[in-house]
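Each remark here refers to the structure printed beneath this line.
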Number of protein chains: 2
Amino acid sequence: MNSYQEKDKFYVAVDCIIFGFEDGKLKLLVFNRKINPFKDSLSLIGSFVKIGESVSDASKRILEEFTGLRNVYMKELKTYSSVDRDPGYRCISVAQYALIRIHKSIKKIVEQNEAQWFEVQELPALILDHNQMTTDALRRIEELARYRPIGFELLPEKFTIPQLQALYEAIYRRTLDPRNFRKKILSFDVIIKLDEKDKTSSKKGAFLYKFDRDKYQKLQESGYNFEI
Amino acid sequence: MNSYQEKDKFYVAVDCIIFGFEDGKLKLLVFNRKINPFKDSLSLIGSFVKIGESVSDASKRILEEFTGLRNVYMKELKTYSSVDRDPGYRCISVAQYALIRIHKSIKKIVEQNEAQWFEVQELPALILDHNQMTTDALRRIEELARYRPIGFELLPEKFTIPQLQALYEAIYRRTLDPRNFRKKILSFDVIIKLDEKDKTSSKKGAFLYKFDRDKYQKLQESGYNFEI
DNA sequence: TATAATAAATGTATTTTTTACATTTATTGT
DNA sequence: ACAATAAATGTAAAAAATACATTTATTATA
């Protein structure tokens with residue numbers, strides 16, 4: 001590192017790319033800005049990082065502020081630092097992608113914040129480089145989904161195999177064979193069949209399963225490959 | 001983002017985790033600091049990012065300054081931003097990992113900078129969180145190597161199949177069967193056999209190959225999986 | 001209460017990929 | 001001429017991926 005130059009100090013921001021899954025579609029949470037700059041424009045949720053917190057502290061702080069959620073699956077995507085990326089400040093942003101479960105409690109908070117879910121295939125224009133961040137995050141989760149079972153982060157605690165399949169089809173943007181999909185998922189031996197059925201989408205109903213986090217951890221530590 | 005608070009401005013640094021491959025070993029480039037802070041300690045190469053450049057501009061700038069190299073394979077690893085990571089400044093660092101070819105020209109510059117290559121299995125203590133960065137980068141390239149042919153970035157333009165195998169063995173930290181390795185690599189159809197042999201390591205000599213970047217690009221765009 | 005409708009659940013044969021494993025070959029130095 | 005060295009090669013067996021069609025459980029309705 002070079003000599004101390006006060007002029008070379010930056011604002012550091014975080015922006016959160018929050019994905020959910022509903023009605024068989026992958027969705028992005030977008031906020032309608034109530035304050036300037038960019039009042040009334042659409043954006044990801046973001047904040048400046050405070051001097052007394054880390055980047056991940058900041059992203060947890062605003063995620064909770066905007067959604068009420070804690071302990072969310074959130075990872076760093078990358079930094080965005082073009083000199084001209086923000087006309088207001090010289091600011092670098094560390095983008096974070098998050099995967100959350102959409103359910104009633106969160107829907108209320110989302111409404112209070114004048115936020116909306118958009119299907120990722122039909123995104124509106126967002127401020128600054130937020131569309132680019134979203135595109136980059138989508139590519140990242142598509143890649144990640146090939147060898148990590150991130151799908152479970154987007155589904156409710158209890159889910160059916162057809163729901164899980166629909167999620168993977170949305171991420172990969174192609175259809176999968178239901179027999180082969182089921183065989184593959186069950187072969188990982190990380191989902192537990194429950195005695196309940198979900199009958200919202202068929203008369204027969206589909207058995208509910210839950211993710212076995214402990215078993216997954218152990219398999220992952222032993223280098224197991226969860227490629228779907 | 002919140003309201004403008006001059007006190008929430010940060011120094012932003014880049015640190016480069018530079019890997020090379022020599023004598024069948026994966027190595028890290030480490031610098032002996034000639035100036036304070038941390039004079040005479042070992043560290044990655046790093047610099048503050050200047051207000052008029054992006055993070056990637058800064059990392060290219062210092063990589064060229066310390067090694068003379070341009071157009072190097074370099075990717076962002078992640079940011080390090082703990083409040084107490086640097087006792088001198090409130091500074092976040094964006095770590096970048098780079099893969100370079102070790103040859104004569106670079107060896108000279110490395111010596112002039114009082115830098116050294118260390119085998120990654122035998123690293124000395126580095127300043128601040130630089131050992132953590134290195135560990136994280138090693139995990140990343142191990143993961144990346146499974147589906148991207150990054151090995152070619154670390155070898156000379158012309159290389160033999162046994163050399164390529166030794167590199168993958170170093171990255172994965174296990175031995176590979178030479179027949180199966182050769183079969184797999186050739187099946188990708190992205191290396192071109194030359195009419196020359198390298199006789200430095202055997203009397204028979206091993207045929208030299210070069211990487212077919214164009215073909216690789218095309219296959220990658222069509223979603224081809226280079227898993228080794 | 002029989003029937004129609006719906007999506008869930010299931011099995012197998014074929015192809016492809018991965019793995020395991022030992023011998024021959026080209027060249028150099030003695 | 002021969003010894004030494006690492007490179008190059010092939011095949012059989014096992015495992016994984018793929019392609020594909022029928023039966024099942026349940027509800028709503030005739």
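Basis for what follows: all heavy atoms, side chains included, without hydrogens, waters or symmetry-related copies. Please read all numbers here as calculations on a predicted model, not as lab measurements. Every chain is numbered from 1, with letters handed out A, B, ... down the list of sequences.
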Quiz item: When you look at Arg140(B) and Asp136(B), which way does the side-chain contact (heavy atoms from CB on, under 4.5 Å) test go after all the steps?
Solution: CA-CA 6 Å; Arg140(B) 178 74 63 90; Asp136(B) 294 344; over 6 Å; no
State yes or no: are the ring centers of [X] and [Y] separated by less than 6.0 Å?
X	Y	answer
Phe159(A)	Phe152(A)	yes
Phe226(B)	Tyr147(B)	no
Tyr97(A)	Phe19(A)	no

Roughly, in whole Å, what's the span from [atom1] in [X] to [atom2] in [N]?
X	N	atom1	atom2	result
Phe207(A)	dT26(D)	CZ	C1'	11 Å
Lys197(A)	dA25(D)	NZ	P	8 Å
Asn225(B)	dT17(C)	CG	C1'	12 Å
Asp198(A)	dT26(D)	CG	C1'	13 Å
Lys184(A)	dA15(D)	NZ	C1'	11 Å
Ile185(B)	dA8(D)	CD1	P	14 Å
Leu186(B)	dA7(D)	CG	P	15 Å
Tyr209(B)	dA8(D)	OH	P	6 Å

Quiz item: Where each residue is assigned the nucleotide of DNA chain D containing its nearest heavy atom, which of Ala206(B) and Gly205(A) is assigned the position nearer the 5′ end?
Solution: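 Nearer the 5' end of the strand: Ala206(B).
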Quiz item: Do Lys204(A) and dT6(C) have a side chain to base donor-acceptor pair shorter than 3.5 Å?
Solution: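 When only heavy-atom distances are counted, Lys204(A) does not reach the base of dT6(C) through any donor-acceptor pair under 3.5 Å.
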Quiz prompt | Donor/acceptor link under 3.5 angstrom from Lys183(A) side chain onto base of dT18(D) | solution =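 Indeed, a donor on one side and an acceptor on the other fall under 3.5 Å apart.
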Quiz prompt | Validation row: Arg174(A), Glu169(A) side chains within 4.5 angstrom (heavy atoms) | solution =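 They are not in side-chain contact.
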Side chain of [X] only, please: which of [options] is the nearest?
X	options	result
Lys203(A)	dT9(D), dA8(D), dA28(D)	dA28(D)
Ser201(A)	dA8(C), dC21(C), dA21(D)	dA8(C)
Arg179(B)	dT26(D), dA22(C), dA8(D)	dA22(C)
Asn180(B)	dC20(D), dT27(D), dA20(C)	dA20(C)
Arg182(A)	dA9(C), dT28(C), dT26(D)	dA9(C)

Exercise. For Asp177(B) and for Glu227(B), locate the closest nucleotide of DNA chain C by heavy-atom distance; then report the residue assigned to the nucleotide nearer the 5' terminus.
Key: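 Closer to the 5' end of DNA chain C: Glu227(B).
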